[in-house]
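See structure below.
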Amino acid sequence: MARHPARSAPFHWIFGDQLGPHFAPPDTTLVMIESRAVLRRRRFHRAKAHLLLSAMRHRAAELGDTVRYIKADTYREGLRRAVGDARVTVHHPTSHAALALVNSLDQADVLPPRGFLVPREEFARWAEGTRGSGLRLEDFYRTVRRGHDLLMDGDRPAGGRWNLDTDNREPPPRGASALPVPRPYRPREDAIDDEVRADLDRWERAGEVSFVGRDGPRTFPADRAEARRALRAFVERRLPTFGRWEDAMLADDWAMSHSLLSAPLNLGLLTPDECLAVAERAYRSGDAPLNAVEGFVRQIAGWREYVWQVYWHFGPRYRERNALRHHRPLPGWFTELDADAVTARCLAGVLAEVRDRGWVHHIPRLMVLGNWALQRGWHPDRVTDWFHRSFVDGYDWVMVPNVIGMSQYADGGRMTTKPYVCGGPYINRMSDFCGPCAYRPGERTGDTGCPYSAGYWWFLDRHRSELAGNARMRQPLRGLDRLADLPEVVRRERARGDRPP
């Protein structure tokens, strides 16, 4: 169990995802530790490593003489060099492993978490009150809205509806290569970014670390000032069109109308409160429509908050869930982000964006990347690790529920009511990927048969028995019996294996 301090400690330890001012108690000497072992243990995306180290060093530069910034091999070594055996406080870390580390240190006292709306104890009471009906996101979301007076008119939701998701499912504009919205905020790199990049180059040349992906000019904020500018730019320029195209994809528009705030939020550079407050002000002042603001509020006060809570509620063994018994390893072309090896235009394009930026928005993650992994039967824990390493906003608390619970349905329905699996027609409806593609979304076999469409039916055929009792899957499962070419689909998909589609 986390230990809480009986008295104030002279030192306070800040992890690399706790970089906002709300993580720094007054009247203490702050400690930051840059651990090389973290980069050695996993093969991270290089843009992720660059952003994290840049953000940490930017924060240290802001803090000046009030911080002891230690570059060490491990956290234990760094803490010993920073404070010796003196007592140190630390806000509740964001992963089970990090919490186990601080709890193993006799000198460390753990303060409550920061950066989220709902205390864990409050979520536990809410979960207990569901009385076995399930931890439904929608119920939790409404509880958060009421408790924090978010988009409320008295005791009723603004506009009379809690959830405007049905208004936010428009396909992209026909014939458009990009949305008619201003481009997103882009930070300017500085000497700290150059220093980090030089260090990464040197460590790679020495064989100390290895990365995947490309590290181009930094896309996401690395300090508090940049994060606040990014928030302001989104609300003023892009929030009004966010809702309607929230679930759409365009091959040549990687950002669409999305906020791109997940990285600074997950680094602790922004708080959910301030993001929600400025978005609601835009609605109240008439600068953004309700469907856009409600969609944004639902992502932060609903989904982000829910994911954080269920990560802790389900415990460290949740990541081991594998209800569909998927055990295939991830193939090399996928782990290496080799988009050029892929013919399917949607997967090639999305994998290229991951390679080049370490980020795509939630629909390509779920319906292109996660969907393909689910169809092929890749091991959910390995898929979780890939998302964690390959995305700049990926942390353990983010990816375990999102991948185990949602994307891969590995928990058997504890988080979602059905698997998020689809064929080519859905991708065709919500994007412009399919037009110039070598495959046709309405075909399952032959040289032009869409691998996603064939893989969809192959997945359903493999898992008939597990999904038979799911009311939301009855109609798709009945469709299997109407497929005259199902034996050929199954044969071809088995033969395809894990070759790039």
Side-chain angles (χ1 to χ4, degrees), residues 1-6 15 17-18 20 22-23 25 89-100 102-103 109-158 161-163 165 265-266 268 270-277 280 294 296-321 395-406 410-417:
M1 294 293 292
R3 299 183 305 278
H4 295 280
F15 275 95
D17 55 358
Q18 299 177 336
H22 49 295
F23 288 102
T89 58
V90 57
H91 279 291
H92 192 296
T94 62
S95 72
H96 295 296
L99 181 61
V102 298
N103 278 336
D109 295 314
V110 183
L111 303 173
R114 289 276 175 95
F116 296 90
L117 299 171
V118 179
R120 285 179 55 192
E121 298 80 6
E122 186 176 320
F123 181 85
R125 288 193 296 271
W126 173 82
E128 179 67 23
T130 62
R131 294 182 175 85
S133 62
L135 306 180
R136 294 184 66 246
L137 168 64
E138 184 64 25
D139 294 339
F140 174 69
Y141 171 54
R142 295 183 185 190
T143 299
V144 177
R145 287 268 300 271
R146 290 189 187 99
H148 291 264
D149 196 26
L150 296 169
L151 283 180
M152 299 295 294
D153 292 334
D155 61 355
R156 298 286 300 160
R161 293 161 57 195
W162 289 102
N163 187 324
D165 193 40
L265 267 167
N266 294 350
L270 294 171
T271 69
D273 311 70
E274 66 184 319
C275 296
L276 296 166
E280 179 156 1
E294 190 279 322
F296 181 68
V297 168
R298 182 163 18 93
Q299 285 197 348
I300 294 180
W303 187 250
R304 183 178 187 269
E305 201 72 21
Y306 180 73
V307 163
W308 164 257
Q309 296 291 350
V310 299
Y311 173 80
W312 295 103
H313 184 77
F314 289 151
R317 299 203 63 180
Y318 180 69
R319 69 184 317 118
E320 301 171 11
R321 297 294 294 260
Y395 294 87
D396 202 57
W397 72 267
V398 175
M399 293 308 181
V400 170
N402 269 296
V403 178
I404 296 295
M406 189 179 192
D411 68 355
R414 294 181 77 181
M415 272 187 67
T416 61
T417 56

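Since this is a predicted model, take the numbers as computed values, not measurements.
Annotation: the span from Leu137 atom CG to Gln309 atom CD amounts to 12.0 Å, rounded to 0.5 Å. Note: Phe15 CZ to Phe23 CZ = 11.5 Å, rounded to the nearest 0.5 Å. Taken from OH in Tyr306 to CH2 in Trp303, the straight-line distance is 6.5 Å, to the nearest 0.5 Å. With rounding to the nearest 0.5 angstrom, the CD1 atom of Ile300 is 9.5 Å from the CD atom of Glu274. Interatomic distance, CG of Leu276 versus CG of Asp149, reported as 12.0 Å (0.5 Å rounding). From Thr416, atom OG1 reaches atom CG of Asp411 across 6.0 Å, with rounding to the nearest 0.5 Å.
In this structure, Val398 and Arg304 have side chains that are not in contact, with every pair of non-hydrogen atoms separated by 4.5 Å or more. The closest side-chain heavy-atom distance from Trp308 to Pro113 is below 4.5 Å. Between Met406 and Pro401 there is no side-chain heavy-atom pair separated by less than 4.5 Å. Between Val297 and Tyr141 the shortest side-chain heavy-atom distance falls below 4.5 Å. Taking the side chain as every heavy atom from C-beta outward, Val90 and Leu111 never approach each other to under 4.5 Å. Counting only heavy atoms from C-beta outward, the side chains of Cys275 and Leu265 approach each other to under 4.5 Å. Contact of the Asn103 side chain with the Val110 side chain is registered, since non-hydrogen atoms from C-beta on lie closer than 4.5 Å. Residues Leu135 and Met415 have side chains not in contact (no heavy-atom distance under 4.5 Å, counting atoms from C-beta outward).
Although no hydrogens or angles enter the test, the distance criterion places no donor-acceptor pair under 3.5 Å between the side chain of Glu305 and the main chain of Gly302. For the pair Arg114 (side chain) and His22 (backbone), a donor-acceptor distance under 3.5 Å is present. Formation of a donor-acceptor pair under 3.5 Å by the Glu280 side chain with backbone atoms of Leu150 is not found in this model. The backbone N or O of Pro112 lies less than 3.5 Å from a partner atom in the side chain of His91, making a donor-acceptor pair.
The distance between the ring centers of Trp126 and Phe140 falls below 6.0 angstrom. Between Phe116 and Trp397, the distance from one ring center to the other falls under 6.0 angstrom. The six-membered or imidazole ring of His96 lies near that of Tyr311, with a centre-to-centre distance under 6.0 Å.
For Asp165, the salt bridge (charged side-chain N to carboxylate O under 4.0 Å, His left out) partners at least two apart in sequence or on another chain are Arg169, Arg298. Legend: residues meeting side chain to side chain contact (heavy atoms under 4.5 Å, CB included) with Pro119, ordered by chain and number and at least two apart, are Glu121, Glu122. Checked against side chain to side chain contact (heavy atoms under 4.5 Å, CB included), Asp153 has the following partners two or more places apart in sequence or in another chain: Ala158, Arg284.
Between Arg319 and Asp396 there is a salt bridge, since a side-chain N of the basic residue sits under 4.0 Å from a carboxylate O of the acidic one. Glu128 has no carboxylate O lying under 4.0 Å from a charged side-chain N of Arg125, or vice versa, which leaves the two without a salt bridge. Contact check on Asp139 versus Arg136 returns a salt bridge, with a Lys/Arg side-chain nitrogen under 4.0 Å from an Asp/Glu carboxylate oxygen.
Shown here for Pro93 and Ala98, the closest heavy-atom pair between the two residues is CB-CB, 3.5 Å. Nearest heavy-atom pair, Tyr318 versus Gly405, reported as atom, atom and distance to 0.1 Å: OH-CA, 3.1 Å.
His92 and Arg120 share a donor-acceptor pair across their side chains, judged by distance under 3.5 Å alone. When only modelled atom types and interatomic distance are considered, Arg142 and Asn163 share no side-chain donor-acceptor pair under 3.5 Å. Tyr395 and Asp17 form no side-chain donor-acceptor contact under 3.5 Å, judged by distance and modelled atom types alone.
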message: Apply side chain to side chain contact (heavy atoms under 4.5 Å, CB included) to residues Glu294 and Arg161 and explain how you reach the verdict.
response: CA-CA 10 Å; Glu294 190 279 322; Arg161 293 161 57 195; over 6 Å; no
